[in-house]
Amino acid sequence: MKIWTMERLVIALALFCSYIASGQAYPAFKNDNEVKFNIGLFLATTSIEGSYEYFFSEDTSLGGTVYFDNDATDFNGNFGIGPNFRAYFGYQPRSGFFAEAFGLYYTGEEEVSEDELGRQNNEYSTLALGLGLGNKWVTRSEKFSLEIFAGFGRNINPEDFQDTFMYRGGLSVGFRF
């Protein structure tokens with residue numbers, strides 16, 4: 001009779017310990033938010049681009065981008081805003097090689113030469129969908145990041161004078177909180 005109750009006690013203790021213990025491949029992450037500044041785009045074109053990224057898990061995130069440019073005739077206009085979804089691949093969580101799907105609404109102006117006859121409205125606003133690739137490196141403290149990325153998209157409703165395809169890219173520095 002005592003052996004039977006001892007077995008029950010051991011089984012109950014084993015079930016209780018397995019219930020309390022939680023094993024994870026990675027430690028719990030505290031910094032789910034990241035803000036970034038595209039320093040590469042700023043140095044190349046003086047455009048200001050900022051991004052926000054929220055990490056759902058160790059390998060997926062959802063974010064958004066906003067940029068401003070003084071020159072409306074630049075390759076992606078003078079204002080843009082859009083979301084992105086990223087999936088990270090590799091051994092380190094929330095860093096390494098990534099692929100992204102993005103959307104971008106942007107406005108701009110097509111440059112018209114002075115020798116063309118007639119008046120035409122050369123301002124545009126368009127929506128583009130695209131894919132991108134990149135790599136992200138994070139410090140050991142997981143507070144700062146550096147990423148390089150490039151993307152290629154297609155304008156959904158281009159004007160007659162506008163390019164059908166668009167591209168984006170840069171070198172961003174970030175801070176996680």
Side-chain angles (χ1 to χ4, degrees), residues 17-108 125-156 158 163-177:
C17 289
S18 66
Y19 176 73
I20 290 178
S22 62
Q24 294 181 348
Y26 303 110
F29 296 105
K30 296 180 285 187
N31 304 327
D32 291 336
N33 304 289
E34 182 175 341
V35 291
K36 297 174 280 197
F37 176 68
N38 190 340
I39 189 93
L41 186 64
F42 179 73
L43 293 174
T45 66
T46 67
S47 297
I48 297 174
E49 178 179 290
S51 300
Y52 170 78
E53 189 172 3
Y54 176 76
F55 294 97
F56 286 111
S57 67
E58 291 86 17
D59 57 357
T60 57
S61 69
L62 185 64
T65 301
V66 174
Y67 75 87
F68 303 96
D69 192 349
N70 284 337
D71 187 6
T73 61
D74 266 357
F75 66 99
N76 279 348
N78 60 344
F79 172 76
I81 188 168
N84 63 42
F85 176 79
R86 286 188 176 172
Y88 289 88
F89 306 96
Y91 299 109
Q92 297 296 323
R94 299 181 178 184
S95 62
F97 177 74
F98 64 83
E100 75 174 357
F102 66 88
L104 186 65
Y105 170 79
Y106 63 99
T107 62
S125 61
T126 187
L127 178 68
L129 297 175
L131 299 173
L133 298 172
N135 201 19
K136 182 183 283 195
W137 298 272
V138 181
T139 60
R140 285 185 187 250
S141 66
E142 297 209 11
K143 286 284 188 185
F144 301 99
S145 68
L146 176 72
E147 75 178 40
I148 187 166
F149 65 94
F152 188 71
R154 181 175 173 88
N155 291 321
I156 293 177
D163 292 332
T164 306
F165 296 99
M166 57 81 62
Y167 58 93
R168 60 187 295 250
L171 174 69
S172 294
V173 292
F175 176 73
R176 290 186 180 175
F177 58 97

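Note that the structure is a prediction, hence the values are computed from the model and not measured.
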Nearest 0.5 angstrom please: [X] [atom1] to [Y] [atom2], how far?
| X | Y | atom1 | atom2 | result |
| --- | --- | --- | --- | --- |
| Asp59 | Ser95 | CG | OG | 11.0 Å |
| Tyr88 | Thr60 | OH | OG1 | 9.5 Å |
| Phe149 | Ser51 | CZ | OG | 6.0 Å |
| Gln92 | Glu142 | CD | CD | 8.0 Å |
| Phe175 | Ser145 | CZ | OG | 10.5 Å |
| Leu133 | Ile148 | CG | CD1 | 12.0 Å |

Under 4.5 Å between any side-chain heavy atoms of [X] and [Y], yes or no?
| X | Y | answer |
| --- | --- | --- |
| Asn33 | Tyr52 | yes |
| Phe55 | Asn31 | no |
| Arg94 | Glu34 | no |
| Ile81 | Val66 | yes |
| Leu146 | Leu171 | yes |
| Arg154 | Thr164 | yes |
| Val35 | Phe37 | no |
| Tyr105 | Ser125 | yes |

Does Leu104 offer a backbone N or O that forms a donor-acceptor pair with the side chain of Arg168 under 3.5 Å?
no
Check whether any side-chain N or O of Asn78 sits under 3.5 Å from a backbone N or O of Asn70 as a donor-acceptor pair, and report yes or no.
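Pair absent, no side-chain N/O of Asn78 close to backbone of Asn70.
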Would Tyr167 and Phe152 count as a ring-ring contact (aromatic ring centres under 6.0 Å, His included) if you check the C-alpha gap in whole Å, the side-chain angles of each, and the deciding distance to 0.1 Å?
CA-CA 4 Å; Tyr167 58 93; Phe152 188 71; 8.0 Å; no
I'd like to know whether Phe79 forms a ring-ring contact (aromatic ring centres under 6.0 Å, His included) with Tyr106, so could you lay out the CA-CA distance, the side-chain angles of the two residues, the decisive distance to 0.1 Å, and finally the verdict.
CA-CA 5 Å; Phe79 172 76; Tyr106 63 99; over 10 Å; no
Of the non-hydrogen atoms in [X] and [Y], which two are nearest, and what is the gap between them?
| X | Y | result |
| --- | --- | --- |
| Gly169 | Asn38 | O-ND2, 3.3 Å |
| Asn155 | Ala128 | OD1-CB, 3.4 Å |
| Thr126 | Ile156 | OG1-N, 4.4 Å |

Are the aromatic ring centres of Phe98 and Phe89 under 6.0 angstrom apart?
no
Parallel under 30°, tilted from 30 to 60°, perpendicular over 60°: which one fits the rings of Phe56 and Tyr54?
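Phe56 and Tyr54: perpendicular rings.
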Among Lys36, Glu53, Glu49, the one residue meeting side-chain contact (heavy atoms from CB on, under 4.5 Å) with Thr65:
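That would be Glu49.
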